[in-house]
Amino acid sequence: WPTRPPRAMRRAAVTRSRDDARFLLEASRTLASSLDYEHTLANVARLAVPAFADWCAVDLLQDGDIQRVAVMHSDAELVRWALDVQNSVKPSIDDIGGIGKVIRTGEPDFIPRVSPDLLDAMAPTELHRTVWQQLHLSSAITVPMTASRGTFGALTFLYADSGRNYSQEDFEVAIKLGQRAALAVENARLFREAQRANRAKSDFLAVMSHELRTPLNAMMGYTDLLLAGVPAPIPQDAQRKVERIRLSARHLLDLINEILTFSRLEAGEEKVFAEEVVIQDLVDEVHALIEP
């Protein structure tokens, strides 16, 4: 019969499971705290160190190019060193392994134990090998940030200085975090696209309204001239028809002004003015519009 694990081991497993759940919950709260996804991803990386990793890096795919938006370590001096060398060992979407492969394929990468032979096999250049050796890596996890619109980037977690190694449970936690990060990125990008579309709509409405008002002003100006008897007085029956033309033009102008008001409201620039209205005049205008 298989022997049960010692009580201490069971307690350690329960504690680790609670820590993982707490880490995921805190990371999810961080991801939901802002639509500035680059800032929130950096905060998630900061949250991972040192509880879940000695090193944490965030890479995003932008216009076919992999851009590192965050790198975290508990030692600020090491972070500055990593930022100095990151351009020299920048991952590529065409890499046969590592971050580039994870983003290209959407498949996570898990290395429970990093050996010198594995580093030699994975390093695309001698410079990569040298940098990775200086990190003293012991274990690594890279997970994609994949949502409905594709893979946006990758999260990388590394154990180095501590000499610890990731477990299968750690790998599953990292995958869940990558999924939640991808959803946050997707939502933020969709929101930005919606904002751009909204601004484009407002700009279009403003231009359209301006172009429509120009001929309307001419129409109203000429009806005023006809009603004033310029260049010659017109018959009474014709005056009534011209009045209706002018009222319809004013009605159309009101509609155009409402479109402009809508655009100003969206831009937060609309002002409200109160004025007295003679109800009988308003009723007469409506009556003249609907009488025909």
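In this chain, numbering begins with 1 at the start of the sequence shown.
With hydrogens and angles disregarded, a donor-acceptor distance shorter than 3.5 Å links the side chain of S92 to the backbone of D94. Without hydrogens or angle criteria, E186 side chain to R149 main chain gives a donor-acceptor distance under 3.5 Å. The backbone N or O of M220 sits less than 3.5 Å from a side-chain atom of T223, completing a donor-acceptor pair. Remark: side-chain polar atoms of Y159 are not paired, donor with acceptor, to backbone N or O of R113 under 3.5 angstrom. Formation of a donor-acceptor pair under 3.5 Å by the S139 side chain with backbone atoms of P112 is found in this model. In this structure, the side chain of R104 engages the main chain of I93 through a donor-acceptor pair within 3.5 Å. Remark: side-chain polar atoms of D75 are paired, donor with acceptor, to backbone N or O of E77 under 3.5 angstrom.
The two atoms that bring G106 and P144 nearest to each other are O-CG, 3.3 Å, heavy atoms only. Here the closest non-hydrogen pair linking A154 and V102 is CB-CG1, 4.3 Å. Looking at every heavy atom in both residues, S88 comes nearest to L127 through CB-CD2, 3.5 Å. Taking all atoms of both residues into account, the shortest heavy-atom contact from L61 to G64 is CD1-C, 3.7 Å. The heavy-atom pair separating L41 from V185 by the smallest distance is CD1-CG2, 3.8 Å. Taking both residues in full, the closest heavy atoms of V114 and A140 are given as CG2-N, 4.3 Å, listed atom of the first, atom of the second, then distance.
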If you apply the rule side chain to side chain contact (heavy atoms under 4.5 Å, CB included), what do you find for Q67 with D65, and how did you get there? CA-CA 6 Å; Q67 300 290 336; D65 193 27; 2.7 Å; yes
Go through the steps for Q168 and D170 under the test side chain to side chain donor-acceptor pair (under 3.5 Å), then give the verdict. CA-CA 5 Å; Q168 183 64 34; D170 295 326; over 6 Å; no
CA sep, side-chain torsions, deciding dist, call: K101, D95, side chain to side chain contact (heavy atoms under 4.5 Å, CB included): CA-CA 6 Å; K101 180 184 177 183; D95 288 345; 5.7 Å; no
Which is it for L47 and E26 under the side chain to side chain contact (heavy atoms under 4.5 Å, CB included) test, yes or no, and what are the steps along the way? CA-CA 8 Å; L47 187 66; E26 191 63 32; 3.6 Å; yes
Dump the intermediate steps for side chain to side chain contact (heavy atoms under 4.5 Å, CB included) on L155 and M145, then the final yes or no. CA-CA 7 Å; L155 297 175; M145 289 186 283; 4.2 Å; yes
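Within the model, atoms CG of N257 and CG of L212 stand 11.0 Å from one another, a figure rounded to the nearest 0.5 Å. Atoms CZ and CG, from R80 and L83 in turn, are 9.5 Å apart once rounded to the nearest 0.5 Å. Between the CZ atom in R199 and the CZ atom in R196 there is a gap of 7.5 Å [rounded to 0.5 Å]. Within the model, atoms CG of L31 and CG of L24 stand 10.0 Å from one another, a figure rounded to the nearest 0.5 Å. Taken to the nearest 0.5 Å, the CG atom of L158 stands 9.5 Å off from the NE2 atom of H73. L25 contributes atom CG, which lies 9.5 Å from atom OG1 of T30 (distance to the nearest 0.5 angstrom).
D224 meets the salt bridge (charged side-chain N to carboxylate O under 4.0 Å, His left out) test with R246; sequence neighbours excluded.
Between S33 and T40, the closest side-chain pair of non-hydrogen atoms falls below 4.5 Å. Side chains of H251 and I256 form no contact here, defined as non-hydrogen atoms less than 4.5 Å apart. Residues K201 and N198 meet the side-chain proximity criterion, which asks for heavy atoms closer than 4.5 Å. At a threshold of 4.5 Å between non-hydrogen side-chain atoms, the residues T156 and I141 do not count as touching. Annotation: side chain of D109 is not in contact with side chain of V143 (no heavy-atom distance under 4.5 Å). Contact of the H136 side chain with the D161 side chain is not registered, since no non-hydrogen atoms from C-beta on lie closer than 4.5 Å. A 4.5 Å side-chain heavy-atom check between W55 and F157 finds every atom pair outside the cut-off.
Connection of L135 to I111 is established within a shared hydrophobic cluster, with ILVMFWY side chains joined at heavy-atom distances below 4.5 Å, either directly or through further cluster members. Hydrophobic clustering of Ile, Leu, Val, Met, Phe, Trp and Tyr side chains at less than 4.5 Å, counting indirect connections, keeps I99 apart from F152. Residues F171 and V173 are members of one and the same hydrophobic cluster, defined by side-chain heavy-atom contacts under 4.5 angstrom among Ile, Leu, Val, Met, Phe, Trp and Tyr. L253 and L227 fall into different hydrophobic clusters, where Ile, Leu, Val, Met, Phe, Trp and Tyr residues are linked whenever their side-chain heavy atoms come under 4.5 Å apart, directly or through other members. Neither Y37 nor L183 shares a network with the other; the hydrophobic side chains, linked directly or stepwise wherever heavy atoms of I, L, V, M, F, W or Y lie under 4.5 Å apart, form separate groups for each.
A donor atom on one side chain and an acceptor atom on the other are found under 3.5 Å apart for S162 and D54. With 3.5 Å as the limit, one finds no donor-acceptor pair spanning the side chains of Q179 and T146.
Salt bridge absent: E169 and K176 never bring a charged side-chain N and a carboxylate O closer than 4.0 Å. Under 4.0 Å is where a charged nitrogen must lie from a carboxylate oxygen, and between D237 and K241 at least one such pair does. Ionic pairing of D59 and R68 is present here: one or more N-O contacts between side-chain nitrogen and carboxylate oxygen are shorter than 4.0 angstrom. Between R240 and E243 there is no salt bridge, since none of the side-chain N atoms of the basic residue sits less than 4.0 Å from a carboxylate O of the acidic one.
Within 6.0 Å of CD1 in I96 there are 12 or fewer heavy atoms belonging to other residues, nucleotides or ligands. Within 6.0 Å of CZ in F110 there are more than 12 heavy atoms belonging to other residues, nucleotides or ligands.
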